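Values in this document were obtained by computation on a predicted structure and should not be read as measured data.
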4 protein chains.
Amino acid sequence: MSDSASNSNSASNSSSELNTAGLRRKPRQARSQERVDRILAVAEALFTTEGYGKTTTNAIAAQAQVPIGSFYQFFPDKAAILQALTIRYTNQLQQYLKRLLDTADVAALPLPEYVEQLIDATDQFFTENPGYYAIFMEAQSTIPDFNEIDRAADMALIEDLSTAFAQRNPTLTQEDCEVVGFVVIKVIGNLLWLSIDQDPIRRQRLVLETKKLALSYLQNYFPSNTSNLDESLGSTT
Amino acid sequence: MSDSASNSNSASNSSSELNTAGLRRKPRQARSQERVDRILAVAEALFTTEGYGKTTTNAIAAQAQVPIGSFYQFFPDKAAILQALTIRYTNQLQQYLKRLLDTADVAALPLPEYVEQLIDATDQFFTENPGYYAIFMEAQSTIPDFNEIDRAADMALIEDLSTAFAQRNPTLTQEDCEVVGFVVIKVIGNLLWLSIDQDPIRRQRLVLETKKLALSYLQNYFPSNTSNLDESLGSTT
Amino acid sequence: MSDSASNSNSASNSSSELNTAGLRRKPRQARSQERVDRILAVAEALFTTEGYGKTTTNAIAAQAQVPIGSFYQFFPDKAAILQALTIRYTNQLQQYLKRLLDTADVAALPLPEYVEQLIDATDQFFTENPGYYAIFMEAQSTIPDFNEIDRAADMALIEDLSTAFAQRNPTLTQEDCEVVGFVVIKVIGNLLWLSIDQDPIRRQRLVLETKKLALSYLQNYFPSNTSNLDESLGSTT
Amino acid sequence: MSDSASNSNSASNSSSELNTAGLRRKPRQARSQERVDRILAVAEALFTTEGYGKTTTNAIAAQAQVPIGSFYQFFPDKAAILQALTIRYTNQLQQYLKRLLDTADVAALPLPEYVEQLIDATDQFFTENPGYYAIFMEAQSTIPDFNEIDRAADMALIEDLSTAFAQRNPTLTQEDCEVVGFVVIKVIGNLLWLSIDQDPIRRQRLVLETKKLALSYLQNYFPSNTSNLDESLGSTT
DNA sequence: TATGAATGAGACTTCATTCAT
DNA sequence: GATGAATGAAGTCTCATTCAT
């Protein structure tokens, strides 16, 4: 409470910026940030298990052990928390993939391996964050103009990918890179999310198909000498 | 199911069955059917423009000129109407595509043209039914176990596609056909829906990319001698 | 909806119209009307004793033994009940005075006696309806544009007076009559209301002064041969 | 109180005393006094435009650039500010009229001119302080026993008038003077306030009627040789 | 069967006031 | 003394659903 220093490492720093989006008041003090974090964590859980519509702000506040009045000091309304959650998620995924993509080895990987890494990473992220897509979709249908709000957050992610693409094939226009990045991100996200609640075997198959899909598509833009997909990705079980 | 000829004798039958899903009472009389139709039409409009959460059952009933009491004779609760809507939509899309796929000419088309037709048809359906995907997503996050409910409706659509695939390449297993059908349907749906509220130029580009994506992917399962995608699909404007 | 005839007598009509103002739904059934009446009665009491701000809609509904949901079926919001109350009051006062003024004897009375009757009647009305003015003032400061809303209701009252004036002195313009009516009504109302919570002696004096004031003023417009006010009104105690 | 010369030595004294009423702590320092003044100014504006009920203490404090914590060091609660405002207003009006009445020339004026000056001054005060009456009425219905609280403040004003009356007609008892003062003050206040939001022509007429009313009434207590009201007040435009 | 007035739990949100810093 | 984040009781109002007519 009275601890004077709490931010000597810059790691937590970036994470604290993430939660700032859509907030009414930027929580400067450590306790406030903890509260916001608790609120988001509880909200994520409730939205996922009960659904957005059936989750009440009072329930969120109560479970997060934050007075409802304080809740509304941080979030202007119920929808804001949904928005904060999606933005936080998008940023987390971006960080997650950025760490992967920025690794020199990965960037230099042949396309098939590259795709495999990308998709495995995304898959892992989804597994670790089961609420991601569900919350995304809820936001989609609940928040007016969500697409525009989201586009900004999404952009960072797509641009990272786009940059990697541009390095891999300098002849592509920026437009090309962005569109391809958009398609890849969205398709992977959709397919992996659909695979989540399937039985393990089918799930594994869907992940494999996702890789096949992405790779086949990307090869249009990154021609290589690898001609046999099955060889590079391994065959079906 | 795989019979290529669509029988004309039980035409009205299938259409009346469509709206039966999730209904409390099968409306036998013409007036009831009209009412159900009006309810669905109004609900579709309101869900799309206002969002599911902000649409009240009373508003739906009022606009559909159906007494609220009667409303609850057809639909057990608010969610049921969402379910009925998604099922109706899925069936409509299935009918829509079935009509296309069942045409002998189309089935015999080379893969690129086939894909093009499939995607253009889906795109058109989305354009004509702007609420489709939005309602789908709402159902996803609102109705518990929606995926399982939906899977049945989806199945018919996927099976149609699957059957077409089997005819095109008899060496594929049924499992393969179904998975590929699932992937194609979902990916096309997702991408086309994302393109809907984009500006025309970007939208056109996304449709093109969708075709590229689907074709590249399908060529893994339907090898042919067409090697140049751009030739077969035409280049960007 | 299907009731073909419902307005053969005009007597109860006017009384039922009174409470209709500002209502969300016109209560057609007897039970509904009773409820509205109970709500108004309870609200009047609570507004007077507790004040408008401290009176809750739930308290009103509870004391009136009307479910809060039903309450909001009749009144769109808390302010509407205030408005209904003021309009009802104005109408009641109008009815009250009209009955007096319409009496042939009264209309023919010399001005001093006429004024005396008018003020005594108003005083009695205020005594019988202690909430009148308080609620009026609350409405004044709570409802935006209340003055305009009120003006209509007020008009009837003023016009009755105005008509009586015109008969008494045909040389007056309508404009004159209305302004004088307005001044008399407002001044009497204000002064009598101020006298309500004073001790009896002072109160009686204030009523007397009110009569003196009104009479002196009116004599500007209705010259007569009565020259000594004290004679006609009696002298101070 | 009735001394005709207004002392110049304790000028700032009186002004600082004005805001002291109902305050928790007498602000000794200049900054505190500024703050109280700012609070009152902002509150007056907000109460007038938004209404008392919809104005929050936090909003007042924020707009007055006074920390909410400090706010509560000056005012025990929200109602206190309303009370302070009314008392300040009453004092201001008293000062305003006192300055007028204390002028030897005015006191010696014939009754019609005297009344005219009094009413014009009051009218001007209302015009310059548009929130006066509204805030008065709000206090009336919000603060319990406001009448008693107010009576003290009012008394000074009435006593000034009462004194002037006594000088004008020494045969009147003090009781008479006070009652007449009360009636005149209240009636003028009420009528002028009602005229404020009317169109200019009607407003002018109402001011004229107010003069006629007051003069007619006062002539009962101050008989003179002026017999024609219209001559002395001028005729309508 | 058809109707729509009635219901009331509970949703979201506000704001006067406090008190730890 | 000064500050403003924190508080939570309580307010207004909604709406899915029922059931008496």
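For the pair D/T55 and A/G53, both in contact range of DNA chain E, the more 5′-proximal nearest nucleotide belongs to A/G53.
In this structure, A/F75 and A/V36 have side chains that are in contact, with non-hydrogen atoms separated by less than 4.5 Å. A heavy-atom distance below 4.5 Å is found between the side chains of C/E44 and C/R88. Side chains of D/P67 and D/Q73 form no contact here, defined as non-hydrogen atoms less than 4.5 Å apart.
Set against E/dT7, E/dC12, E/dA16, the side chain of C/R35 has E/dT7 as its closest nucleotide. Closest to the side chain of A/K78, out of F/dC13, E/dC12, F/dT18, is E/dC12.
With C/Y52 as the partner, the side chain to side chain contact (heavy atoms under 4.5 Å, CB included) test is satisfied by one option alone out of C/L46, C/I135, C/L82: C/L82.
The distance from atom CD of A/E50 to atom P of E/dA11 is 12 Å, rounded to the nearest whole Å. For the pair D/I39 CD1 and F/dT3 P, the computed distance is 11 Å after rounding to whole Å.
For DNA chain E, the residues of residues 58-70 of chain B within the heavy-atom distance limit of 4.0 Å (strictly under) are B/P67, B/I68, B/G69, B/S70, sorted by number.
Between the base of E/dA6 and the side chain of C/Q73 there is a donor-acceptor pair shorter than 3.5 Å.
Applying the side chain to side chain donor-acceptor pair (under 3.5 Å) test to B/T142 and every residue at least two apart in sequence or in another chain returns B/E138.
For D/T57, a side-chain nitrogen or oxygen approaches OP1 or OP2 of E/dA16 to under 4.0 Å.
Backbone-only engagement by C/T56 is indicated by non-hydrogen atom pairs under 4.0 Å involving sugar-phosphate atoms exclusively.
By the 6.0 Å and 45° rule, B/K78 does not stack over the aromatic ring of B/F71.
Under a 3.5 Å cut-off, the side chain of D/K54 and the backbone N or O of D/T49 do not form any donor-acceptor pair.
Secondary-structure annotation of DNA chain E gives the stems E:2-21 with F:2-21, with a stem taken as at least 3 successive Watson-Crick or G-U pairs whose two distances both fall under 3.5 Å.
Ring pair B/F136/B/Y132 is parallel by interplanar angle, where below 30° counts as parallel and above 60° as perpendicular.
In this structure, the separation between CZ on B/R35 and CD1 on B/I39 is 8.0 Å, given to the nearest 0.5 Å.
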